[in-house]
There are 2 protein chains.
Amino acid sequence: MSNNIYDIISEISKRRGFFWSSFEIYGGIAGYVTYGDYGVKLKRNIEALWREYFIRKQGFFEIDDPITNPSKVFEASGHLANFKEYATICNQCGRGFRADHLIEEKIAKEHVEALGGEAIKQLLIENKIKCPVCGGELKEPTLVLTMFQTQIGATGNDIGYMRPEAAQGMFMNFKRCFQANRERIPFAICQQGRVMRNEISPRRGVHRTREFDIMELELFFDPLNPSCPWLKDVENEKIRLLTEDMVEKEVDDPIEITVKEAIDRKILLTEWQGYFMGVSKKFLCALGVSDDKQRFRAHLPNERSHYSSQTFDQEVFTKSWGWIEVSGHANRTDYDLNSHMKASGVDMTVIRPDKTRFIPHVIEPSFGLGRLVYVVMEFAFIQKQANNAKRNIFKFPRDLAPYHISIQPLVSKDGLPEIALHIYNQLLDAGYRAVYDEGGSIGRRYARQDEIGTPLAITIDYDTKEKGIATIRDRDTWMQVSISIKELEEKLKLYYKGAEISELGPIFQSNEEQ
Amino acid sequence: MSNNIYDIISEISKRRGFFWSSFEIYGGIAGYVTYGDYGVKLKRNIEALWREYFIRKQGFFEIDDPITNPSKVFEASGHLANFKEYATICNQCGRGFRADHLIEEKIAKEHVEALGGEAIKQLLIENKIKCPVCGGELKEPTLVLTMFQTQIGATGNDIGYMRPEAAQGMFMNFKRCFQANRERIPFAICQQGRVMRNEISPRRGVHRTREFDIMELELFFDPLNPSCPWLKDVENEKIRLLTEDMVEKEVDDPIEITVKEAIDRKILLTEWQGYFMGVSKKFLCALGVSDDKQRFRAHLPNERSHYSSQTFDQEVFTKSWGWIEVSGHANRTDYDLNSHMKASGVDMTVIRPDKTRFIPHVIEPSFGLGRLVYVVMEFAFIQKQANNAKRNIFKFPRDLAPYHISIQPLVSKDGLPEIALHIYNQLLDAGYRAVYDEGGSIGRRYARQDEIGTPLAITIDYDTKEKGIATIRDRDTWMQVSISIKELEEKLKLYYKGAEISELGPIFQSNEEQ
């Protein structure tokens, strides 16, 4: 087994069923990932937490818009002209690659894309870069549209594209949502759903895929009244920042300041930008990523998307790949509403109390769900020694774990399975994600639950049958305590509010024999 | 306003934010629907209920596979050869139509598709059918592939298609999931996600769309051991059936028998088919559709998909369109696993205790989520007279409603909004889908909540401030009762377990003045 953490996690993921490469039986296609049962549950739990942090209490709107869009949408949005990358094709084997990525790999430089086409062509030649697969000569790079194209309808005349972001749906439907919100502003429209990007040469497994779920929010506000009513909730939150200036000078050590300071010092152009960056930091902490492994990196002007006046990437330091982007925080100004207004002729302005009209400005925090799944897994992952064997454990935050609790009869006889199944069904009815686990020794079953990150395991033995007492074992300490079955639900409630295992009952065994 | 229920529901949906036609600002494109905030919540609640009925207690696996698939997947599955419809194009205006649908509209016959190509061509000529838009001559119908095609990658050589069903992902990943399930069979793989069908001429708003979410389950079993361990849960459930024989004879009045009888009489070929049809009937009841508005209609042999040996459509009688399909129940035999085994060379067989090998057989219940949203809305919808005005009410099953409860201060002064917001936040913390509603008269606010189907509204008035007492008003009876704020959460728990409003506290007002 490899010592590289990505390889270890990938191996467990495949074997247990978190995620693996799609179309495996046909040899696989780069850029596509299939999530198994544990991966789907983890995704859904992360998504639910996103709603908690960003939508539910704020009362924001959620919509669900088609993935396929007619071409005029992306003409208006600028994607048809701008959503492109420099691709170079090998003369010999015909494979395509992203020119900037080949350069980055060769000269250990980052963000080569931002240098522009001429520099990319030059660097490719200067560094004598060849096809990384067959060593053949590479063609001169050309700009390639990285949206998937299709035809809508029977006659094939209507060109459509798969959306590369969920945002345009929210801009196109702004007026309808604004009316449903009784014309009050500021407010936000959010969308969780699939997006597709026809990446030229996807790498790194789950890191850069051609299809992924996005969790996107567009906050609409009046540029003359840019204050955020919830700023106080996060204003003292410390964030680590690489400003444009620092990025320009290739400074790698971020400054650490509060959200409020960053706004006051005009590092962040609006309160809303600060609010969502503060919330995003807390969100990542809740996903298990400590402060010191997070930072916000400013985009340089030539690196920003065509619609943005200021962008920060929220980055997380992974052992697998170093710093990777998990969310983008773009100030999209009135670019998109304005573009759709021009292209469609539909009025997108909003009226102020003084009767003046304006096009709302937009702050967008946007998360890729697939990357978050991987980040949560990597940050939760540890290996622990047990009887000369390495044990894999995912210490997921309790509420994020695919299962809350496993229920296991000590032996498959004497009525113990029946009692265990009864408790299993009772916990399912109470809303817990419970799993019934009957096969193998108790030690093997504990190991299995550790490897899928189940926080608690309850073992049903003869004491349960005779005295109504069972043992609960905790993933993180391997400590076991005795509890009365009658109090089980109450104890679980305590535990899922944050209690330690030792608070649930008398210690039965302080560390297990495997 | 129209008197057609579909038009009324569509108008409310658009205005309030359940659903509307996508790309409105660009004139719209047939076959695409956007869900607003209430629609998204309704969808998510229906989806959660599907998991309760079909997955969670059974311990089935859920996966999440890409929408885009390389062409070899659909070559193997037979979709490239078979997922086609007869299209006819107008010589004059160039519009495309489904030939069978044009015939059905003209001669009031159903399921014309099943008659086959020659009959369709003949019927089109015999009935002198012209273009329904411009009256032009129609071309001879041709078979058209109704999958969306695209190109994967930079070089454009890899043809891909958007999946028209989620099923193939579950077949391709069968072996990996089977291993994760520790090689135990029977078991099921499920998938909820987007599918796309390039419908030739989509009609009827949400009824036939080009993109929709599907909820699909593939149950794998040994054909020599086809018994279902949960059959007893539903065996006495009565289902209304139109058998193949009855459909053949155009009998329209279903027989009503229990699931067990239908299996014993070999109307259903397997216990699993019966189990899922029984569960599906209960599921639809929980969505608000009464027994007598449901039936299962058998497909005739020439109407079945290429992979099926027996199919029943679960149909619901809607006021808008008559009987419509909400789920399909197909016996896919070993067709798909066999096809992928042949095409990929990967072994899909499973070993029995006696060492013989077999390819599992498959029963598939498959729901379209968009149609369920509409069905739930139509079945919940009533109009009621209040002070000479018609009031629209969605009597959603309590747990399905977009919001559980609205919180409204009587007036926007004297500290009432602060108390209301405090209670609002408390209910959000307790996990309720709560909405704070401050604008307009109390009567208007009640009307608004009725129109989005919120079961309860709590009004915060001077009694709340002085005595801690508020009134709760119920959507279905318009009855109002007084309750102590201290007991609010406890009372809500009772209500959401099924208590009537009158059980929550003393009647304050038995019917409201609007």
Side-chain angles (χ1 to χ4, degrees), chain A residues 14 16-17 20 22-26 29 32 34-37 39-40 43 56-57 59 61-70 72-73 87 89 94-96 144 148-155 162 169 172-173 176-177 180 182 194 196 198 200-201 210-211 340 344 346 425 428 435-436 439, chain B residues 14 16-17 20 22-26 29 32 34-37 39-40 43 56-57 59 61-70 72-73 87 89 94-96 144 148-155 162 169 172-173 176-177 180 182 194 196 198 200-201 210-211 340 344 346 425 428 435-436 439:
Chain A
K14 224 178 201 183
R16 287 292 182 203
W20 56 83
S22 307
F23 316 117
E24 267 186 322
I25 64 168
Y26 292 109
I29 291 192
Y32 290 97
T34 297
Y35 292 89
D37 194 49
V40 167
K43 266 176 85 171
R56 205 170 77 96
K57 298 204 175 178
F61 268 46
E62 206 171 333
I63 70 163
D64 183 4
D65 208 50
I67 296 169
T68 318
N69 280 232
K72 46 195 160 190
V73 173
I89 293 182
R95 285 186 178 85
V144 169
F148 285 96
Q149 189 185 310
T150 194
Q151 292 175 332
I152 303 171
T155 53
M162 303 296 148
M172 281 189 285
N173 292 293
R176 197 154 287 295
C177 295
R182 285 181 274 144
R194 192 63 53 92
M196 302 187 189
N198 204 352
I200 293 159
S201 47
R210 282 170 167 148
E211 263 191 35
H340 285 297
S344 68
V346 174
N425 281 308
L428 285 176
V435 58
Y436 178 73
Chain B
K14 221 177 203 184
R16 289 291 182 204
W20 55 84
S22 306
F23 317 116
E24 266 186 322
I25 64 169
Y26 292 108
I29 291 193
Y32 291 98
T34 297
Y35 292 89
D37 194 49
V40 167
K43 265 176 86 169
R56 206 168 78 95
K57 299 205 174 178
F61 268 45
E62 207 171 333
I63 70 162
D64 183 5
D65 207 51
I67 296 168
T68 317
N69 281 233
K72 47 194 158 192
V73 173
I89 293 182
R95 286 186 178 82
V144 169
F148 286 96
Q149 188 185 311
T150 194
Q151 291 175 334
I152 304 171
T155 53
M162 303 297 148
M172 282 190 284
N173 293 291
R176 200 157 280 299
C177 295
R182 286 182 273 147
R194 191 63 54 93
M196 302 188 190
N198 204 353
I200 292 158
S201 47
R210 284 174 166 145
E211 264 190 36
H340 285 298
S344 68
V346 174
N425 281 307
L428 285 176
V435 57
Y436 178 73

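Every chain is numbered from 1, with letters handed out A, B, ... down the list of sequences. Keep in mind it's a predicted model, so treat the numbers as computed, not measured.
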Exercise for the section: Could you look at A:Lys43 and say if it's the side chain, the backbone, both or neither that has a heavy atom under 4.5 Å from chain B? Expected result: side chain

Exercise for the section: Return yes when atom NZ of B:Lys14 has more than 12 non-hydrogen atoms of other residues, nucleotides or ligands closer than 6.0 Å, and no otherwise. Expected result: no

Problem - Per-residue contact mode, B:Arg56 against chain A (heavy atom under 4.5 angstrom) - result: both

Practice task
Side chain from CB out, backbone as N, CA, C, O: work out which of these in A:Ile200 comes under 4.5 Å of a heavy atom of chain B, or both, or neither.
Solution key: both

Problem - Top contributor to chain A contacts, counting heavy-atom pairs under 4.5 Å, from B:Ile63, B:Thr68, B:Asn425 - result: B:Thr68

Practice task
Go through the atoms of A:Glu62 and report whether side chain, backbone, both or neither lie under 4.5 Å from a heavy atom of chain B.
Solution key: both

Fill in the blank from the handout: If you tally heavy-atom pairs under 4.5 Å between each of B:Pro66, B:Gly17, B:Gly96, B:Gly36 and chain A, the highest tally belongs to B:Pro66

Problem - Rounded distance [0.5 Å steps], CZ in B:Phe148 versus CD1 in A:Ile67 - result: 11.0 Å

Practice task
Check whether any side-chain heavy atom of B:His340 sits under 4.5 Å from a side-chain heavy atom of B:Met172, and report yes or no.
Solution key: yes

Practice task
Determine whether the side chains of B:Thr150 and A:Gln149 contain a donor N or O and an acceptor N or O closer than 3.5 Å.
Solution key: no

Problem - Nearest-0.5 Å distance, CG of residue B:Asp64 to CD of residue A:Glu211 - result: 9.0 Å

Exercise for the section: State, yes or no, whether a side-chain contact exists between A:Pro70 and B:Phe23 at a heavy-atom distance under 4.5 Å. Expected result: yes

Handout entry: Largest heavy-atom contact set with chain A, pairs under 4.5 Å, which of B:Ala180, B:Ser344, B:Gly39, B:Ser22
Key = B:Ser344

Fill in the blank from the handout: Of the listed B:Arg16, B:Lys72, B:Arg95, the one with the largest count of heavy-atom pairs under 4.5 Å with chain A is B:Lys72

Exercise for the section: Go through B:Val144, B:Asn69, B:Asn198 and name the one with the most non-hydrogen pairs under 4.5 angstrom from chain A. Expected result: B:Asn198

Completion exercise
Residue from A:Leu428, A:Val435, A:Val346 scoring the most non-hydrogen pairs under 4.5 Å with chain B is A:Leu428

Completion exercise
Okay, A:Asp65 and chain B: the region with an atom under 4.5 Å from a heavy atom over there is both

Completion exercise
Value for CD (A:Glu24) from OG1 (A:Thr34), rounded to nearest 0.5 Å, stands at 8.0 Å

Exercise for the section: Determine the option with the most heavy-atom pairs under 4.5 angstrom with chain A, choosing from B:Val40, B:Val73, B:Asn173, B:Ile25. Expected result: B:Ile25

Handout entry: Under 4.5 Å from any heavy atom of chain B - which part of A:Arg194
Key = side chain

Handout entry: Under 4.5 Å from a heavy atom of chain B, the part of A:Ile89 involved
Key = side chain

Handout entry: Check: A:Arg210 side chain, A:Met196 main-chain N or O, donor-acceptor pair, under 3.5 Å
Key = no

